[in-house]
Amino acid sequence: MPELAEVAFHASKWKAAVGQRFRLDWISPKARCCRHCDADTLRSALDDSVLKAGYTHGKRMLFSFGDRSYLEIHLGMTGSLRRENLDYERVKHDHLVLRGERTLLVFQDSRQFGKVAFHRTEGDLPAWWRELPPQPHDEQFTPERFEEILSRSPRSVLKAFLLKQEYFPGVGNWMADEILWQARVRPSRKVESLSKKESDALFEKLRFVCAEAIRTIGGDYSDPPETWLFQHRWKDGGDCPATGKPLVRETIGGRTTCWSPAWQR
DNA sequence: AACCCTGTTATCGA
DNA sequence: TTCGATAACAGGGT
């Protein structure tokens, strides 16, 4: 279930093991999600090196080991990170297991749309990681940057626009719907059709939804407020928490989209 | 059995 | 060039 905040939550599971030494316990040789990660390379690179830190950026995670070793993880649609006791026995869809001094770190992903990749780098962090665009909740994500992004995709449909990771790293299907619903704008609208008032609302709700989701889901996986669309969107025959009227589900921008016709203009 | 899915990428065509 | 639609990936849930 990984978007921005879920990713932060999963990363925190592994971050709790910072300081321990790790070695490779298991990596699935045939799993698609591990095809960018050579087992021998990873094994010799880790070799009881200390987990130094964990980082997240949008839907990506990066864990640094020892001197210059980095493990990049993307959870795809169904990935998860867990800690397990040392006597844990691997189950189906566990594709990566790292053995530490007091815990195991496990990456599981049934659909295998996720990604595990190993990087060895000079300097503090890989250059590509440092050059990632600002996240919506970063300070550098200014109103000016938002305006600039808007002007670059004038004919894009808003739903598809918000899902562009190069602009809004970490925003996924439910967050995009939530942002549009809170800003009271229809998902099928074009970027260029937004009034100043609407684009201001969109910016504000983008920042608010990201920050609040990180606080709740990203913290202890607690639910966002009842007043959000989030709680109602997948229920069959769900009602809009603002108007009490039925929500609609349709495919917009290639993804199932939930919205409230009586609420969004 | 048919159809759905909180993600990404390649390809085709308007 | 930009964007949208579609399929593919691989498995589980309804």
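The chains referred to below are lettered A, B, ... by the order of the sequence lines, with proteins before strands, and numbering in each begins at 1. It should be emphasised that the depicted structure is a prediction, and the values quoted were computed from it without experimental measurement.
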Checklist entry - Between atom CZ in A:Arg60 and atom P in B:dT6, what is the gap in whole Å? => result 20 Å
Item to check | N or O in side chain of A:Gln112 less than 4.0 angstrom from C:dG11 OP1/OP2 | outcome: yes
Item to check | Whole angstrom value for the distance that separates C1' of C:dT14 from CZ of A:Arg249 | outcome: 12 Å
Checklist entry - Over how many whole Å does the gap from A:Arg35 atom CZ to C:dC9 atom C1' extend? => result 8 Å
Next on the checklist: Check whether A:Arg249 reaches the backbone of A:Cys258 with its side chain - one donor and one acceptor, N or O, closer than 3.5 Å.
Outcome noted: no
Checklist outcome for this item: Rounded to whole Å, CD of A:Glu192 lies from P of C:dC3 at a distance of 9 Å
Checklist outcome for this item: If pairing means Watson-Crick or G-U wobble with both distances under 3.5 Å, then the partner of C:dG13 is B:dC3
Item to check | Presence of A:His93 side-chain N/O under 4.0 Å of C:dG11 phosphate oxygens OP1/OP2 | outcome: no
Checklist entry - A:Met77 side chain: which of C:dC9, C:dC3, B:dG7 is closest? => result B:dG7
Checklist entry - With a cut-off of under 6.0 Å to the ring centre and 45° to the axis, is A:Arg184 in cation-pi contact with A:Trp263? => result yes
Item to check | Side chain of A:Arg155 (C-beta onward), nearest among C:dC3, C:dG12, B:dT6 | outcome: C:dC3
Next on the checklist: In this structure, how many angstroms lie between the P atom of B:dT6 and the CZ atom of A:Phe230, rounded?
Outcome noted: 13 Å
Item to check | Sugar-phosphate only, base, or nothing, as touched by A:Lys59 at under 4.0 Å among non-hydrogen atoms | outcome: sugar-phosphate
Checklist entry - Which nucleotide, C:dG4, C:dA10, B:dT8, lies nearest any side-chain atom of A:Ala160? => result C:dG4
Checklist outcome for this item: A:Trp228 atom CH2 is separated from B:dT6 atom P, nearest whole Å, by 18 Å
Item to check | Ring centroids of A:Phe113 and B:dT8 base under 5.5 Å with planes under 30° | outcome: no
Checklist entry - Does A:Arg21 pair with A:Asp48 as a salt bridge, N-O distance under 4.0 Å? => result no
Item to check | Side-chain N,O (A:Arg255) to OP1/OP2 (B:dG7) below 4.0 Å | outcome: yes
Checklist entry - Taking only side-chain nitrogens and oxygens of A:Lys164, does any of them come within less than 4.0 Å of OP1 or OP2 of B:dT8? => result no
Next on the checklist: I need the CD1-P distance between A:Ile179 and B:dT6, as an integer number of Å.
Outcome noted: 15 Å
Item to check | Atom NZ of A:Lys13 with >12 non-hydrogen neighbours under 6.0 angstrom | outcome: no
Next on the checklist: Just to verify, which of A:Val191, A:Asp177, A:Leu180 counts as forming a side chain to side chain contact (heavy atoms under 4.5 Å, CB included) with A:Leu162?
Outcome noted: A:Leu180
Checklist entry - Has the side chain of A:Arg111 got a donor or acceptor that lies under 3.5 Å from a partner of the other kind on the base of B:dC5? => result yes
Checklist entry - If you look at every strand shown and take non-hydrogen atoms under 4.0 Å, does A:Lys30 touch a base, only sugar-phosphate, or nothing? => result nothing
Item to check | Gap between atoms NE2 and P, on A:His10 and B:dG7 respectively (whole Å) | outcome: 13 Å
Checklist entry - Is it true that A:Glu6 and A:Lys59 make a salt bridge, defined as a side-chain N closer than 4.0 Å to a carboxylate O? => result no
Checklist entry - Looking only at side-chain N and O atoms, does A:Ser153 come under 4.0 Å of OP1 or OP2 in C:dC3? => result yes
Checklist entry - Does OP1 or OP2 of B:dG7 have a side-chain N or O of A:Lys115 closer than 4.0 Å? => result no
